[in-house]
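Report on the structure given below.
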Amino acid sequence: MVDRPNKPTALATTPGLPPQPQVNFSPDNARVSASLPTGESVEVLLYGATVISWKDRAGGEKLWLSDAAKLDGSKAVRGGIPLVFPVFGTAPDHAATSKLPQHGFARNSRWEFLGKSTSESSPSAGPSDASVKLDFGLSSATLDPQAKTLWPYGFNLIYSVTLTQEGLGTSIVITNDGTEAFEAQVLLHTYLRIKDITKIEVTGLENSEYLDKVDAAQAKTQSGAVTITGETDRVYTPAAGPSEPVVVRESGGGEEIFSVVRDSLKDVVVWNPWTDKAAGIGDFEPKDGYKNMICIEAGSVRGWQKLEPGEAFEGGQTISY
Ligand SMILES: O=P(O)(O)OC[C@H]1O[C@H](O)[C@H](O)[C@@H](O)[C@@H]1O
């Protein structure tokens, strides 16, 4: 059953128990938000199941969202965490996805809210163990008919957004519930908010092979930490494997700002449009906003994930700070 609380969940005020996580719908039912008793919060737009805000307990925003991002369902959201499926970029040579728009249809589709689950605060532990998980669904049964004609496979997606005091988890289960095999790519296009792009570096990608999309998609090998000094668009397959964190930190091996641990997602895209590219993206505002963001995008985008009828693939990330 679809659970659509318009008011804070009843458990929030149960006598004898510490305050509990809360889940709310916006009055127009276009967004769902959740918060923990300690103050952390997350907000997800049903359009694209796009996480548009994630705040720490002091109300500090952890994600970058463009001032010109469309949040009315007219365009994929510029910022937050758009979900890329079933194709990364465009794939003119891959017949099955060649008709789809850039980054597929998941970020442009209205998802269903499937419900919430909370891990409640206990009287002994207090609010410290509280967490909340929001589940969203998109399937060939609910997909817009036009997108369906472009990609006519039987599929079911369940996307889960989990808020804890330590961080944010986003994971997806892709199931082939049709009668024909399909091949797909998936990516969590996360725009992390940072103070100054010139004062950070990304570690965890040392010695990894990558495709440099701003240099004719040449294959290169990373040496040392990644620093951003111009337009950057790279698809890494980290040598260290998915469970080793990719870390955004202060330059020179300084303090950790974000740590991204992946589950079954072998690739990581690092993207920053820098000045000229940002200037050319209509919904990228302010134009110097590239200084305050870096996309660290966990995914499976080199090659294809093939699913036979009845098979499923699950992948995700946990971002901590
Ligand atoms: O403008 P969008 O379709 O949202 O794509 C934004 C960016 O997404 C990824 O990071 C790709 O690697 C980039 O090549 C692309 O420019």
Side-chain angles (χ1 to χ4, degrees), residues 45 47-52 63-94 97-109 147 150 170 184-194 197 202 205 208-220 222 226 228 230-238 246 248 258 260 262 265-287 289-304 317 319:
L45 199 63
Y47 182 76
T50 315
V51 178
I52 52 170
L63 299 175
W64 185 85
L65 180 69
S66 166
D67 289 351
K70 294 270 185 254
L71 301 179
D72 61 358
S74 60
K75 192 178 191 319
V77 176
R78 177 68 57 201
I81 313 182
L83 190 53
V84 169
F85 176 89
V87 61
F88 169 61
T90 54
D93 300 334
H94 186 257
T97 51
S98 59
K99 294 191 206 116
L100 291 173
Q102 158 113 338
H103 294 338
F105 53 72
R107 65 176 184 167
N108 303 107
S109 297
L150 301 178
T170 66
Q185 298 174 327
V186 64
L187 179 89
L188 306 165
H189 198 309
T190 309
Y191 289 72
L192 296 172
R193 171 173 283 278
I194 51 170
I197 191 73
V202 182
L205 298 170
S208 303
E209 201 234 317
Y210 67 93
L211 295 183
D212 191 345
K213 290 176 70 180
V214 298
D215 190 9
Q218 282 191 67
K220 299 182 179 175
Q222 179 65 36
V226 182
I228 312 289
E231 185 188 346
T232 303
D233 192 356
R234 300 177 180 176
V235 185
Y236 285 90
T237 304
V246 174
V248 179
F258 293 104
V260 181
R262 290 162 293 128
L265 297 176
K266 60 185 175 49
D267 305 317
V268 176
V269 178
V270 176
W271 183 62
N272 183 288
W274 211 251
T275 46
D276 293 358
K277 183 85 190 265
I281 301 177
D283 60 355
F284 196 102
E285 289 288 351
K287 289 302 173 200
Y290 73 87
K291 293 177 183 164
N292 303 118
M293 51 76 61
I294 183 163
C295 284
I296 302 290
E297 312 165 24
S300 175
V301 295
R302 285 188 68 177
W304 298 85
Q317 66 174 356
I319 315 169

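Note that ligands are numbered from 1 as they come in the structure, with each ligand's atoms numbered from 1 the same way. Since the model is a prediction, treat every value here as computed from it, not as a measurement.
In this structure, Lys287 places its NZ atom where more than 12 heavy-atom neighbours from other residues, nucleotides or ligands lie under 6.0 Å away.
Here the two rings, on Tyr290 and Trp64, have centers that are 6.0 Å apart or farther.
By the 4.5 Å heavy-atom criterion applied to side chains, Arg262 and Leu188 are not counted as neighbours.
A heavy-atom cutoff of 4.0 Å around ligand 1 is satisfied by the protein residues Arg78, Phe88, Gln102, His103, Arg107, His189, Lys213, Asp233, Val269, Trp271, Lys277, Glu297.
Residues forming a side-chain hydrogen bond (donor to acceptor under 3.5 Å, both in side chains) with Arg78 (at least two apart in sequence, or on another chain): Tyr191, Asp283. With sequence neighbours left out, the side-chain hydrogen bond (donor to acceptor under 3.5 Å, both in side chains) criterion links Asp212 to Lys220.
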Just distance, no hydrogens or angles: give the donor-acceptor pairs under 3.5 Å from side chains in residues 98-109, sequence neighbours left out.
unit_1 : atom_1 : unit_2 : atom_2 : d
Ser98  : OG     : Ala95  : O      : 2.9
His103 : ND1    : Gly89  : N      : 2.8
Arg107 : NH2    : Gln102 : O      : 3.2
Asn108 : ND2    : Tyr47  : OH     : 3.3
Ser109 : OG     : Phe105 : O      : 2.7

